[in-house]
*Asks:* 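Below: one structure in structure tokens.
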Amino acid sequence: GDGVTAAFGSPVDAVFQIDTVSDGIVGGSLPSAVNYTFDTGAQSFALSTYDSQPPNPKNLAGPNSPTTPTLTWDGTASMPAGGGSLQVGVTYSDFRQYVDAAINLSSLDLTGKTLHAFVMLDSGPFNGGVQLHAGSGPNYTFAASTYTSFEAVYLSWIELTLDLTAAESSVTGFTANDIRQIGVQFSTGDPYEGGTIDAPFDVVFHIDSITAQ
């Protein structure tokens, strides 16, 4: 059908290579499997309203909370610079309280990936910590990064990482090929050696660049 009239000739063995099947990025890197940069909005992230029950820590965005945390988009702070970020505002009143900015997913295969996120303490006398976490399967089996303390570090971005391969080995029932939730949890932690907490106190956090690589 192409107008060629010459005979094809002898049989020919051929080997082809196929690479970089993408959604339009040619000659560059493929997009991250997870890519929440919050350049123009919250990208469906919201505060978890999970109703945690004693003796578990209290979710301040859940029912019967003594305060009402907020999650908004902020176009004035970002990591890297040039976009926006999530801003979380919360009033803590005791140890063992937390807020959790998260997104629920239908199912995402992140086998072999590591989750990354950047967080910043914008204001407030906060000596608690933060964890990047993922929920796996229909029961949202929970795996989290190392608990990272802010230790009064203000206006400095901190990177969090969660190795999902390591999580599969250490958390019973966690499977990286069925991720149903990704979130960042800010907690006042547990009292140590009978310590006290000066409360209530207002705190503002930022979250940016949640990716999987």
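The shown structure was predicted, so the numbers you read here are calculated from the model rather than taken from an experiment.
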*Asks:* Let me check something: any side-chain donor-acceptor pairs from residues 40-48 under 3.5 Å, sequence neighbours excluded? List them with distances.
*Replies:*
residue, atom, partner, partner atom, Å
Q43, OE1, T37, N, 3.1
Q43, OE1, F38, N, 2.7
S48, OG, Y50, N, 3.3

*Asks:* Please tell me whether F174 and F142 form a close aromatic pair, meaning their ring centres lie under 6.0 Å apart.
*Replies:*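 They do not qualify: ring centres at least 6.0 Å apart.
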*Asks:* Show, in sequence, the C-alpha distance, side-chain angles and deciding distance for N104 and Y140, and conclude whether the side chain to side chain contact (heavy atoms under 4.5 Å, CB included) test is met.
*Replies:* CA-CA 10 Å; N104 290 331; Y140 294 87; 4.1 Å; yes
*Asks:* Filter on ring pair (Phe, Tyr, Trp, His ring centres under 6.0 Å), then keep only pairs touching residues 58-93, sequence neighbours left out; what's left?
*Replies:* Y92-F126, Y92-F201
*Asks:* Do D19 and Q17 meet the criterion of a side-chain donor-acceptor pair at a distance under 3.5 Å?
*Replies:*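 Note: D19 and Q17 side chains miss the donor-acceptor criterion.
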*Asks:* Table please: side-chain donor-acceptor pairs of residues 206-213 below 3.5 Å, with sequence neighbours left out.
*Replies:*
residue, atom, partner, partner atom, Å
H206, NE2, D74, OD2, 2.8
H206, NE2, Q87, OE1, 3.3
D208, OD2, M79, N, 2.6
S209, OG, M79, O, 2.4

*Asks:* Mind checking the CG-OG1 spacing from D202 to T91? Nearest 0.5 Å is all I need.
*Replies:*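 If we round to the nearest 0.5 Å, D202:CG and T91:OG1 are 3.5 Å apart.
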*Asks:* Can you give me the closest heavy-atom contact between A77 and S85, atom names plus distance?
*Replies:* O-OG, 2.8 Å
*Asks:* Taking atom types as modelled, is there a side-chain donor on S136 or T175 under 3.5 Å from an acceptor on the other?
*Replies:*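 There is such a pair between these side chains.
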*Asks:* With rounding to the nearest 0.5 angstrom, report the CZ to CG distance, F186 to L121.
*Replies:*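 Those atoms lie 9.0 Å apart.
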*Asks:* Is a side-chain donor-acceptor pair under 3.5 Å present for H116 with E159?
*Replies:* yes
*Asks:* Quick one: CG on L108 to CZ on R180, what's the gap to the nearest 0.5 Å?
*Replies:*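 Between L108 CG and R180 CZ, I get 11.0 Å after rounding to 0.5 Å.
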*Asks:* Please assess N139 against T141 for the test side-chain hydrogen bond (donor to acceptor under 3.5 Å, both in side chains), listing each intermediate value before the final yes or no.
*Replies:* CA-CA 6 Å; N139 294 324; T141 302; 5.6 Å; no
*Asks:* Any idea how W157 and F118 line up, ring-wise: parallel (<30°), tilted (30 to 60°), or perpendicular (>60°)?
*Replies:* perpendicular
*Asks:* Begin with the C-alpha distance, continue with both residues' side-chain angles, and end with the deciding distance and a verdict on salt bridge (charged side-chain N to carboxylate O under 4.0 Å, His left out) for R96 and D94.
*Replies:* CA-CA 7 Å; R96 297 180 58 76; D94 203 348; over 6 Å; no
*Asks:* Heavy atoms, side chains only, cut-off 4.5 Å: are F150 and I158 in contact?
*Replies:*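 Heavy-atom side-chain distance check passes, below 4.5 Å.
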*Asks:* Just how far is it from atom CG of D100 to atom CG of L60, taken to the nearest 0.5 Å?
*Replies:* 11.5 Å
*Asks:* Would L115 and T161 count as a side chain to side chain contact (heavy atoms under 4.5 Å, CB included) if you check the C-alpha gap in whole Å, the side-chain angles of each, and the deciding distance to 0.1 Å?
*Replies:* CA-CA 5 Å; L115 286 173; T161 60; over 6 Å; no
*Asks:* Between D178 and S107, is any side-chain donor less than 3.5 angstrom from a side-chain acceptor?
*Replies:*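 S107 and D178 do have a side-chain donor-acceptor pair below 3.5 Å.
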*Asks:* In the structure I gave you, are the side-chain heavy atoms of I182 and L105 within less than 4.5 Å of one another anywhere?
*Replies:* yes
